[in-house]
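To keep things clear, I will list the structure first and then write my remarks on it.
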Protein chains: 2
Amino acid sequence: MTTRTAGKRRAILTGALTVFARDGYTRASIDAIAAEAGVSTRTIYKHFTDKAGLFQAVIRDSGARAAETQLAAIDRFLRKVTDLEADLTDFGVAMAAPSPGDEAHFALVRQINAEAGHIPPEAIEAWQEAGPRRVKRELARRLGELLPLSDPELAARHLMALIATAAPSPHDPPPSSSRTAELVAAAVRVFLYGYRGER
Amino acid sequence: MTTRTAGKRRAILTGALTVFARDGYTRASIDAIAAEAGVSTRTIYKHFTDKAGLFQAVIRDSGARAAETQLAAIDRFLRKVTDLEADLTDFGVAMAAPSPGDEAHFALVRQINAEAGHIPPEAIEAWQEAGPRRVKRELARRLGELLPLSDPELAARHLMALIATAAPSPHDPPPSSSRTAELVAAAVRVFLYGYRGER
DNA sequence: TACAAACTACCACGATCGTTGTACTTTTGG
DNA sequence: CCAAAAGTACAACGATCGTGGTAGTTTGTA
């Protein structure tokens, strides 16, 4: 196998994710990324053309991973629904309380949102299509099967916005998991009551 | 009057807001800010100690201005309510469709969210208290007078999250104002139905 | 009108950083 | 076991940038 180069490549991608997510594109230095990945700077340039190219690769990689995780959560909690409110709440908790690995991805998304004007539009577009939009469409599809909805995509947008209400803010200390569960439950209730009478 | 120095100071603050919001803290250069403000770099250092000090001053200034605008919207649309749904929608449109001046502030908030780990916590705290939290408290107070709510702060959070659904994304082209109005109206409906039956 | 404060233009310094070249070492596959 | 590929250490380049100094110019004011 190409085990060596693939391993290094992955190490670079995860190290770069950590540093880009923490420091942002401009502040992140190649040296810091190399140190975080346990790799020499020269090796980075063997695998990626530029700092910009590395950043885009990180966006693609982290976006695809996060999308997989979230699609898995949809499938896990929303495939067979017995108690809609309870299952939506479980789903929301899975979305709002990121495992330590996904933490960095959320910070990366914040960087992307801030840097939007300095990233090539094709890169943004590809990321959105493979990541957020894909998830939103799938969630809309499931919701449309579970509720009578005239605009499932909009409902998905509303649900995600409400659930994000329970996600830890980048400024405050992270809430306890029981507090998170309460917040998600409240958000889901608003969503369900809001869409109860149809529309 | 100190008309001269005050005018320059304001020019620096607005120019710095433009550049910081567009480029972020690290990428923004003092030269670019000086050019944008129509001022020499040396003058910037007469008015502010550091690049970091200038950034914090911009955060304070822009945050205070935005808070005033938003508090004014609360007062304007939610003081005397005749048709709750219509008035909440008008309020939401005012929040989600920023006038060109507030546009930069929204971008700045994205920069703050991305840079959170590199800004002194006191600065973040002061900004949040004078800006977002103040607005949220006032909105919660008004909502509590208009609806039977067990947790007005949470309701305010939900309403703002739903309304933000209609705000233009930093990636896509800005939606038409009529589309924005539709989205806000839908968000407000979900909120009202969601909180209709109490809680 | 004259003076002090504010402002400007210009230069220079030290630091950081992206990127590449080169010579050396390690690993892997035949 | 040995060649080729991958990785490393190290140095160097050019560019950008924050920041301060200095000397001259503008402007508000007494």
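Just so it is clear: chains get the letters A, B, ... in the order the sequence lines come, proteins before strands, and each one is counted from 1.
For the pair F48(A) CZ and dT20(C) P, the computed distance is 15 Å after rounding to whole Å.
Side-chain nitrogen and oxygen atoms of K46(A) include none within less than 4.0 Å of the OP1 or OP2 phosphate oxygen of dT8(D). The side chain of T43(B) contributes no N or O atom lying less than 4.0 Å from OP1 or OP2 of dC7(C). A sub-4.0 Å separation between OP1 or OP2 of dG7(D) and a side-chain N or O of H47(A) is present. For dT27(C), neither phosphate oxygen OP1 nor OP2 lies less than 4.0 angstrom from any side-chain nitrogen or oxygen of K8(A).
Within the structure, the salt bridge (charged side-chain N to carboxylate O under 4.0 Å, His left out) test picks out the following pairs touching residues 96-115 of chain B (sequence neighbours left out): R27(A)-E115(B).
Using a 4.0 Å cut-off on heavy atoms, the residues of residues 10-39 of chain B that approach DNA chain D are A28(B), S29(B), I30(B), listed by number. Applying a 4.0 Å cut-off to non-hydrogen atoms, the residues of residues 49-61 of chain B that approach DNA chain D are D50(B), K51(B), listed by residue number.
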Please list, one pair per line, the donor and acceptor atoms closer than 3.5 Å that link side chains of residues 154-168 of chain B to other protein atoms, with sequence neighbours excluded.
residue, atom, partner, partner atom, Å
R157(B), NE, T165(A), O, 3.4
R157(B), NH2, T165(A), O, 2.8
H158(B), ND1, Y195(B), OH, 2.7
T165(B), OG1, L162(B), O, 3.4

Under 3.5 Å, which donor-acceptor pairs link side chains of residues 67-78 of chain B to any protein atom two or more places apart or in another chain?
residue, atom, partner, partner atom, Å
E68(B), OE2, R134(B), NH2, 3.1
T69(B), OG1, R65(B), O, 3.1
D75(B), OD1, R79(B), NH2, 3.0
D75(B), OD1, R142(B), NH2, 3.1
D75(B), OD2, R79(B), NE, 3.4
D75(B), OD2, R79(B), NH2, 3.1

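Side-chain atoms of Q111(B) come within 3.5 Å of backbone atoms of A21(B) as a donor-acceptor pair (strictly under, hydrogens ignored). The backbone N or O of T82(A) lies less than 3.5 Å from a partner atom in the side chain of D87(A), making a donor-acceptor pair.
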So which protein nitrogen or oxygen atoms get under 3.5 Å of nucleotides 21-24 of chain C's nitrogens or oxygens?
residue, atom, partner, partner atom, Å
dG21(C), N7, R42(A), NE, 3.1
dG21(C), N7, R42(A), NH2, 3.2
dG21(C), O6, R42(A), NE, 3.1

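By the side-chain contact (heavy atoms from CB on, under 4.5 Å) test, E85(B) is found to be paired with D83(B), T89(B), V188(B), R189(B), L192(B), residues two or more places apart in sequence or in another chain being considered. Among residues two or more places apart in sequence or in another chain, the side-chain contact (heavy atoms from CB on, under 4.5 Å) test is passed with T49(A) by none. Taking the side-chain contact (heavy atoms from CB on, under 4.5 Å) definition, one finds that D172(B) meets it with Q128(A), R133(A), S169(B), sequence neighbours left out.
Rotation axes derived from the C1' atoms of the five outermost pairs at either end of the helix from dT1(C)-dA30(D) to dG30(C)-dC1(D) lie 30° apart, to the nearest 10°.
With side-chain heavy atoms closer than 4.5 Å counting as contact, directly or through intermediates, the hydrophobic cluster containing Y45(A) also holds I12(A), L13(A), L17(A), V19(A), F20(A), Y25(A), I30(A), I33(A), V39(A), I44(A), F48(A), L54(A), F55(A), V58(A), I59(A), L108(A), V109(A), I112(A), I119(A), I124(A), W127(A). Taking Ile, Leu, Val, Met, Phe, Trp and Tyr as members and joining any whose side-chain heavy atoms lie under 4.5 Å apart, directly or through other members, F106(A) forms no hydrophobic cluster with any other residue.
Comparing atom distances between the S40(A) side chain and each of dT19(C), dT8(D), dA9(C) picks out dT8(D) as nearest.
Taking 4.5 Å as the limit, some side-chain heavy atom of D61(A) sits within range of a side-chain heavy atom of R10(A).
The shortest non-hydrogen separation linking T26(B) to K51(B) is O-NZ, 3.4 Å.
With respect to the salt-bridge test (charged N to carboxylate O, under 4.0 angstrom), the residues R141(A) and E153(A) do not qualify.
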